[in-house]
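Along the sequence shown, residues are numbered consecutively beginning with 1. Just so we're clear, the structure is a prediction, and the values are computed from it rather than from any experiment.
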Amino acid sequence: MLVANDDGIFSPGIKALGLALGEWADVVVVAPDVEQSAVGHGITIRRPLRFKHTASAGFGDIPAYRVDGTPADCVVLGVHLLGRPDLVVSGINIGPNLGEDLTHSGTVAAAIEGLTLGLPAIAFSQFANESGEYEFGPSAAYASRLAREICARGLPPRVLLNVNFPRVSPRGVCVTEVGRHRWEDSVLTRQDPEGRDYHWVAGVSTAHDGTDEKTDYGAVQAGFISVSPVRLDLTARDLLGELAQGLPPLDTDLR
């Protein structure tokens with residue numbers, strides 16, 4: 001089993017997850033050497049990557065490697081250098097990954113990279129508690145149980161599970177739709193000490209369906225663990241026929 005993340009190899013979330021999985025599975029950890037949050041599904045192609053064993057990460061007897069690249073890089077190197085795992089597991093992320101956040105999440109991207117390599121995959125993320133702290137032990141225990149179930153049952157081709165843990169002790173587990181949670185971006189422009197402008201991308205979290213417990217955001221807000229099946233299929237199949245009928249013809253001078 002390959003364990004990755006986007007918070008970096010020294011994150012307490014991946015340590016809790018790796019150790020919990022290691023109680024019953026053969027685990028290898030491959031994670032970024034520094035935080036790579038919100039990098040999406042980027043792959044490094046214009047420079048070499050370093051792949052280093054890292055005993056100081058605290059995984060005990062579990063082999064752990066750090067990569068100076070993206071979460072997707074970690075999965076690529078892990079699979080090609082260490083062998084194909086039965087399952088790719090990403091997380092536990094510091095903070096949730098809900099709704100449209102999935103498009104830029106490095107945690108989810110590691111799971112997506114597993115899918116592109118033909119492997120089943122799960123991404124785990126967690127809210128902070130009311131005090132702003134993270135207790136990953138209970139979440140890692142449930143993540144381990146779910147991963148064991150998926151190892152036994154499998155997943156449909158090109159489908160991953162995106163799992164989010166609430167900020168409180170869970171009331172239960174819900175299978176959910178991916179909701180419409182996203183960030184309303186804003187750009188703050190300021191000046192450095194030399195009078196030159198710089199720009200800081202900020203934003204406010206919004207959820208248009210935040211009270212609907214059928215969605216991932218609504219479920220975790222209501223105190224449930226959200227489990228969303230996500231299919232990697234980018235084609236709008238319902239529009240294929242309509243679009244084909246509406247395309248302009250090719251001019252003869254372009255042939």
Is any side-chain heavy atom of [X] less than 4.5 Å from a side-chain heavy atom of [Y]?
X    : Y    : value
I14  : I9   : no
C151 : W24  : yes
L155 : I150 : yes
S90  : V108 : no
D101 : T103 : no
V175 : P229 : yes
F124 : N164 : no
V168 : N129 : no

Grab the two heavy atoms, one from [X] and one from [Y], that are nearest each other, plus how far apart they are.
X    : Y    : answer
G22  : I62  : CA-CD1, 4.1 Å
P85  : L119 : O-CD2, 3.2 Å
I92  : L17  : N-CD2, 3.8 Å
V67  : C74  : CB-SG, 3.8 Å
L188 : R190 : CD1-NH2, 3.9 Å
F59  : A64  : CD1-CB, 3.6 Å

Using a distance-only test with no angle check, is there a side-chain donor-acceptor pair under 3.5 angstrom linking [X] and [Y]?
X    : Y    : value
S228 : T176 : yes
E177 : T215 : no
N93  : T107 : yes
S131 : E133 : no

Mind checking the [atom1]-[atom2] spacing from [X] to [Y]? Nearest 0.5 Å is all I need.
X    : Y    : atom1 : atom2 : answer
K15  : N5   : NZ    : CG    : 13.5 Å
L160 : L102 : CG    : CG    : 7.5 Å
D216 : L98  : CG    : CG    : 4.5 Å
N97  : H104 : CG    : NE2   : 7.5 Å
T44  : L49  : OG1   : CG    : 5.0 Å
D86  : M1   : CG    : CE    : 7.0 Å

Using modelled atom types and a 3.5 Å cut-off, is there a donor and acceptor pairing between side-chain atoms of [X] and backbone atoms of [Y]?
X    : Y    : value
Q126 : E135 : yes
D192 : R196 : yes
R84  : L117 : yes
R158 : L232 : yes
R180 : G99  : no

Do [X] and [Y] sit in one hydrophobic cluster, given that two such residues count as connected whenever their side-chain heavy atoms are within less than 4.5 Å of each other, even indirectly?
X    : Y    : answer
V75  : V28  : yes
V89  : Y142 : yes
V230 : L115 : yes
L19  : I94  : yes
F136 : V227 : yes

Item to complete: List the steps, then state whether side-chain contact (heavy atoms from CB on, under 4.5 Å) holds for F127 with Y134.
Response: CA-CA 8 Å; F127 271 93; Y134 289 88; 5.8 Å; no

Worksheet item: Counting only heavy atoms not in R153, do more than 12 fall under 6.0 Å of its CZ?
Response: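 For R153, atom CZ is not crowded (no more than 12 foreign heavy atoms under 6.0 Å).
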
Fill in: Neighbour count above 12 (heavy atom, 6.0 Å) for E242 CD
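It does not: E242 CD has 12 such atoms or fewer within range.
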
Discussion item. For K52 and D68: C-alpha separation, side-chain torsions, deciding distance, then whether salt bridge (charged side-chain N to carboxylate O under 4.0 Å, His left out) applies.
Written reply: CA-CA 9 Å; K52 298 181 180 179; D68 60 339; over 6 Å; no

Worksheet entry | CA sep, side-chain torsions, deciding dist, call: E130, R167, side-chain contact (heavy atoms from CB on, under 4.5 Å) | CA-CA 7 Å; E130 298 294 344; R167 66 178 75 252; 3.1 Å; yes

Practice prompt. Salt-bridge test for D33 and R50: reply yes if a basic N is under 4.0 Å from a carboxylate O, no otherwise.
Written response: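 Between R50 and D33 there is no salt bridge, as every charged N stays at least 4.0 Å from the carboxylate O atoms.
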
Fill in: Test log, rule side-chain contact (heavy atoms from CB on, under 4.5 Å), inputs F51 and D73
CA-CA 10 Å; F51 184 83; D73 290 334; over 6 Å; no

Discussion item. Under the criterion side-chain contact (heavy atoms from CB on, under 4.5 Å), I'd like the reasoning laid out for L87 against I122: C-alpha separation, chi angles, the key distance, then a yes or no.
Written reply: CA-CA 8 Å; L87 179 68; I122 314 174; 4.3 Å; yes

